[in-house]
Amino acid sequence: MPLSTEQVRHIAHLARLALTDEEVSLYAEQVSEILDYAQRLQALDTGAIPPTATVVPQRGVMREDCPTPSLSQAEALANAHEVDGGHFVVRAILGES
């Protein structure tokens with residue numbers, strides 16, 4: 001599927017690319033070859049091939065979601081810099097309070 005230099009200039013205009021005449025000629029040839037290759041791929045019979053998202057077998061990398069005992073409030077606050085009424089005290093970052 002040969003691409004004309006007009007078409008390359010139009011595509012370059014849409015992409016806001018400034019191309020020289022040499023680049024237009026080069027890209028017309030290169031993009032034409034890419035489109036020819038894509039057309040050859042379209043002609044392949046892939047009816048017997050199941051659709052896949054990846055060719056690499058997938059495996060779960062997450063651990064089993066098992067409930068475990070939580071920290072007590074005292075344990076959670078044990079290393080806090082400052083505590084007030086069972087809560088962490090932190091410096092305000094979004095304005096005065």
Side-chain angles (χ1 to χ4, degrees):
M1 173 180 201
L3 204 61
S4 70
T5 55
E6 287 263 329
Q7 291 170 313
V8 173
R9 288 183 200 284
H10 180 68
I11 294 167
H13 174 74
L14 293 174
R16 306 290 190 251
L17 298 174
L19 300 179
T20 65
D21 290 339
E22 294 84 24
E23 289 173 325
V24 169
S25 298
L26 175 67
Y27 295 149
E29 182 181 327
Q30 290 179 343
V31 174
S32 293
E33 288 178 19
I34 292 169
L35 292 174
D36 287 339
Y37 187 73
Q39 197 170 27
R40 286 176 44 203
L41 291 176
Q42 289 293 325
L44 294 174
D45 179 20
T46 58
I49 301 172
T52 58
T54 179
V55 295
V56 179
Q58 297 293 303
R59 62 178 181 86
V61 295
M62 305 297 277
R63 66 172 170 76
E64 184 87 16
D65 190 13
C66 300
T68 58
S70 299
L71 296 175
S72 68
Q73 185 178 28
E75 290 171 319
L77 296 172
N79 291 322
H81 181 68
E82 189 176 345
V83 176
D84 181 25
H87 302 283
F88 292 101
V89 176
V90 295
R91 185 171 42 97
I93 59 169
L94 298 176
E96 300 297 319
S97 57

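Fair warning: this is a prediction, and the values are worked out from it, not measured in the lab.
- Taking NE2 from H13 and CD from E6, the interatomic distance works out to 12.5 Å, rounded to the nearest 0.5 Å.
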What donor-acceptor contacts under 3.5 angstrom involve side-chain atoms of residues 74-92, with partners at least two apart or in another chain?
unit_1, atom_1, unit_2, atom_2, d
E75, OE1, S72, N, 2.8
E75, OE1, S72, OG, 3.3

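- Between the side chain of S4 and the main chain of Q7, a donor-acceptor pair closer than 3.5 Å is present.
- Grouping the Ile, Leu, Val, Met, Phe, Trp and Tyr side chains by contacts below 4.5 angstrom, directly or via other members, places L35 with V24.
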Would you please test T5 and E29 for side chain to side chain contact (heavy atoms under 4.5 Å, CB included) and show each step? CA-CA 9 Å; T5 55; E29 182 181 327; over 6 Å; no
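- Residues I34 and I11 do not share a hydrophobic cluster, clusters being chains of Ile/Leu/Val/Met/Phe/Trp/Tyr side chains in contact below 4.5 Å.
- When side chains are defined from C-beta on, V8 does not count as touching V31, because their heavy atoms never get closer than 4.5 Å.
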